[in-house]
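Here's the structure we're looking at; comments come further down.
Worth saying up front: this structure is predicted, and the values here are computed from it rather than measured.
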Amino acid sequence: MKKLKLVLVMLACVHGMQAFAKSDDIRYEDFLLKDSSKVIHGALDNGFQYYIVKLPMDHFQMSLVQKGGDHYDGETIEISHFLEHMMLTANRQLAIGGTLRSYLNKLGKDYGTGFNGYTAPYFMAYELYQLKSNRAYADSCMAILSEIAYNASICAMDIEEQRERVLHELTNRKYMSGARIVDALFAAFTYGCDLEQWREKRLNSTKKITQSQLEAFYKKWYQPQRQCLVVSGKIPDGIEEMIKRQFGNHPSQPTPTPPTLDYQQRNFTISRVGSPTCNIILYFDQPLLTTSEKESPKFFRDYYALKKGSKALSDKIEKNKKEHINSFVKGLVDERFSMQMGFAYNIHDEDPESGLQALVDSMTVFLDDVRNNGVQISMAADTLKESLVEQRRSEAKTKLKEGNGKDNTLDESLPIINCFVHSLPIYKQEDSDAYLSYELSGKDISNYCKKFINESTLKIQCILPYGYPEKEITEKLNALLQRYNNKSK
């Protein structure tokens, strides 16, 4: 009997190796978009990257993206946000001549319109938009971004004014429900503190930031190998040569290793809002993606399975939920693969038998079912004859390997900026999906969903109306966290 089991195991392994070998000749490069009539992705000798996205019907615009946002602040909280403000001050002197305000005026733009910046967790962006598709004009606009990218000055006379603006923005976020919810999420999950503690830390730090600290942060992170330019819309001729001339002479220098934040500090937060809506959002996070994982055919396979699996889970919830409950499921990828599930309803629709606690019970049953049984989904391999599946798979494989992705669309869930910041590929969306739709079966997607839910770290954000009791729901959600984050299960 033992010999028979051993033979069966060996046969299974051989079959698995043969199945893997069938698609082993598919390379990572085969998935990449090569249609230069739509997108051009290039890199200069100093490491500076650029993306040219051709959208003839849209306004011409350009964005300088700098890796190094909120998550790079370290102990000097808000310094990246403060620095972003200082790069945009009207009185800042430009080496190309005059102040930023006067230079913009020469370009026919009023200060404060058509030029803006923002700070995100992993990057800062400086955007010029609604530009003329004229080569000389574009070159003059690009010079502003080139100077921000390297050797920019900080206007000392503007520091206190911008400090007050940053403090004003931070204070006002307390009265904006959307901003308050986002801040509560980052406070708990990223920085391991309460919303009020996080707000006070941000305010107190902003009050103490000095010019020398701003200059040191700029010098530390603003290096060409951490920057890119995204130009899109109706693009003038000669844009690549322009980029090379404007950014190619910035010297590359060694930069420190980006900080790694501890995402395990907290996994539950409650936020309060003035609307009568109860929301529960589940965040399933996979480990950080390594460089080798991002540059493997498996990346595209897993991303496709995540998208298909998320859609199947959404359909499953929609089919079985109560009428008054709204829900969503979406799969995401940036620094990691993740999945979000959201459930919401108006408290005026609540009744004792189908209230918030009952919703948590039904969520738990749903997740247990996915963890144990996966999700029901039908793929081509499950419905078509094997010979037809093989034929279409072969055709899709040939197009994937030999085509440049012409007529493919860009994945809206993978914005160009995210691709740069997290080193993710711009890929042939339709061609990749066509190939993988014949490569994966419904069971493959189901197994992926099971594995994903079982191996992810779960975090929960609960958003309740003011005055709504939280003791019982907190206990239930913490029990759900214990159930799914207990690795001994």
Side-chain angles (χ1 to χ4, degrees), residues 173-190 194-195 266-285 306-334 337-371 375 412-413 449 452-453 456-485:
R173 293 180 71 82
K174 183 177 182 178
Y175 307 103
M176 302 160 59
S177 60
R180 194 166 61 250
I181 289 168
V182 171
D183 288 350
L185 187 78
F186 281 110
F189 296 167
T190 305
D194 295 329
L195 176 57
R266 292 192 184 185
N267 53 24
F268 177 67
T269 182
I270 286 185
S271 301
R272 294 287 184 171
V273 294
S275 64
T277 304
C278 297
N279 290 268
I280 298 175
I281 306 172
L282 310 180
Y283 300 87
F284 295 90
D285 290 338
L306 177 63
K307 290 190 294 183
K308 295 293 288 188
S310 297
K311 177 63 168 62
L313 290 174
S314 180
D315 292 343
K316 181 180 175 71
I317 292 173
E318 196 68 27
K319 183 179 179 180
N320 297 294
K321 75 176 186 180
K322 302 289 185 180
E323 286 185 6
H324 62 277
I325 296 174
N326 295 316
S327 64
F328 71 85
V329 180
K330 58 183 178 182
L332 303 168
V333 58
D334 40 49
F337 284 115
S338 60
M339 184 186 293
Q340 295 178 10
M341 295 184 188
F343 304 85
Y345 68 86
N346 191 297
I347 58 174
H348 299 313
D349 296 325
E350 185 176 29
D351 63 68
E353 295 184 358
S354 60
L356 198 55
Q357 294 185 58
L359 176 60
V360 178
D361 289 337
S362 66
M363 284 165 40
T364 304
V365 171
F366 174 78
L367 292 176
D368 282 347
D369 182 43
V370 176
R371 184 164 66 165
V375 59
E412 292 183 357
S413 298
C449 286
F452 195 98
I453 296 296
S456 292
T457 298
L458 174 62
K459 298 178 186 294
I460 300 178
Q461 183 176 31
C462 183
I463 304 167
L464 300 175
Y466 289 114
Y468 192 95
E470 67 180 58
K471 182 176 183 296
E472 290 79 5
I473 192 63
T474 297
E475 291 174 351
K476 276 188 171 289
L477 290 175
N478 275 320
L480 181 61
L481 284 166
Q482 291 271 333
R483 187 185 190 95
Y484 277 83
N485 289 335

- [ ] Look at the side chain of Ser362 and the backbone N and O of Leu359, then say whether any donor-acceptor pair between them is shorter than 3.5 Å.
- [x] yes

TODO: Supply the atom-to-atom distance Ile317 CD1 to Met363 CE, rounded to the nearest 0.5 angstrom.
DONE: 9.0 Å

Open item on the list: If I compare all heavy atoms of Leu306 with all of Ser338, which pair ends up nearest, and what's the gap?
Closed with: CD2-O, 3.8 Å

Open item on the list: Side chains of Asp368 and Tyr484: any donor to acceptor distance under 3.5 Å?
Closed with: yes

Open item on the list: Between Asn478 (side chain only) and Thr474 (backbone N and O only), is there a donor and an acceptor less than 3.5 Å apart?
Closed with: yes

TODO: Evaluate the side-chain proximity of Lys316 to Phe366: yes if any heavy-atom separation is below 4.5 Å, no if none is.
DONE: yes

Under 3.5 Å, which donor-acceptor pairs link side chains of residues 271-279 to any protein atom two or more places apart or in another chain?
| unit_1 | atom_1 | unit_2 | atom_2 | d |
| --- | --- | --- | --- | --- |
| Arg272 | NH1 | Pro465 | O | 2.7 |
| Arg272 | NH1 | Tyr468 | O | 2.7 |
| Arg272 | NH2 | Tyr468 | O | 2.8 |
| Arg272 | NH2 | Glu470 | OE1 | 2.7 |

Open item on the list: One pair to check against side-chain contact (heavy atoms from CB on, under 4.5 Å): Ile280 and Leu356. What are the steps and the verdict?
Closed with: CA-CA 9 Å; Ile280 298 175; Leu356 198 55; 3.8 Å; yes

Task: Separation of Ser310 OG from Phe284 CZ (nearest 0.5 Å) - done: 10.5 Å

Task: Side chains of Ile270 and Ile463 in contact at under 4.5 Å (non-hydrogen atoms) - done: no

Open item on the list: When you compare the side chain of Met341 with that of Ser327, does any pair of heavy atoms fall below 4.5 Å?
Closed with: no

Task: N-O pairing of Asp315 and Lys311 below 4.0 Å - done: yes

TODO: Evaluate the criterion side-chain contact (heavy atoms from CB on, under 4.5 Å) for residue pair Leu282 and Phe343; output intermediate values, then yes/no.
DONE: CA-CA 9 Å; Leu282 310 180; Phe343 304 85; 4.3 Å; yes

Task: Side chain proximity check, Gln461 to Asn267, heavy atoms < 4.5 angstrom - done: no

Task: Minimum heavy-atom distance Arg180-Lys174, with the two atoms named - done: NH1-O, 2.8 Å

Open item on the list: Using modelled atom types and a 3.5 Å cut-off, is there a donor and acceptor pairing between side-chain atoms of Ser456 and backbone atoms of Phe452?
Closed with: yes

Task: Lys/Arg cation over aromatic Tyr283: Lys459, 6.0 Å, 45° cone - done: no

Open item on the list: salt bridge (Lys or Arg N to Asp or Glu O under 4.0 Å) for Asp361 and Lys476? Distances and angles first, verdict last.
Closed with: CA-CA 8 Å; Asp361 289 337; Lys476 276 188 171 289; 2.8 Å; yes

Task: side chain to side chain contact (heavy atoms under 4.5 Å, CB included) partners of Phe328, counting only residues at least two apart - done: Ile281, Lys330, Gln340

TODO: For the residue pair Leu332 and Met339, establish whether any side-chain heavy-atom pair is separated by less than 4.5 Å.
DONE: no

Task: Heavy-atom neighbours of Glu475 CD exceed 12 at 6.0 Å - done: yes

Open item on the list: How close do Leu458 and Leu481 get, counting heavy atoms only, and between which atoms?
Closed with: O-CD2, 3.3 Å

- [ ] Rounded to the nearest 0.5 Å, what's the gap from CD1 on Ile460 to CG on Asn485? Could you check?
- [x] 8.5 Å

Open item on the list: Could you check whether atom OH of Tyr175 has more than 12 heavy atoms from other residues, nucleotides or ligands sitting under 6.0 Å from it?
Closed with: no

Open item on the list: Applying side-chain contact (heavy atoms from CB on, under 4.5 Å) to Glu318 and Asn326, what does each step give before you reach the verdict?
Closed with: CA-CA 8 Å; Glu318 196 68 27; Asn326 295 316; over 6 Å; no

- [ ] Working to the nearest 0.5 Å, report the span between CZ of Arg173 and CG of Leu195.
- [x] 10.0 Å

Open item on the list: Once rounded to the nearest 0.5 Å, what's the spacing between atom OG1 of Thr364 and atom CG of Leu480?
Closed with: 4.5 Å

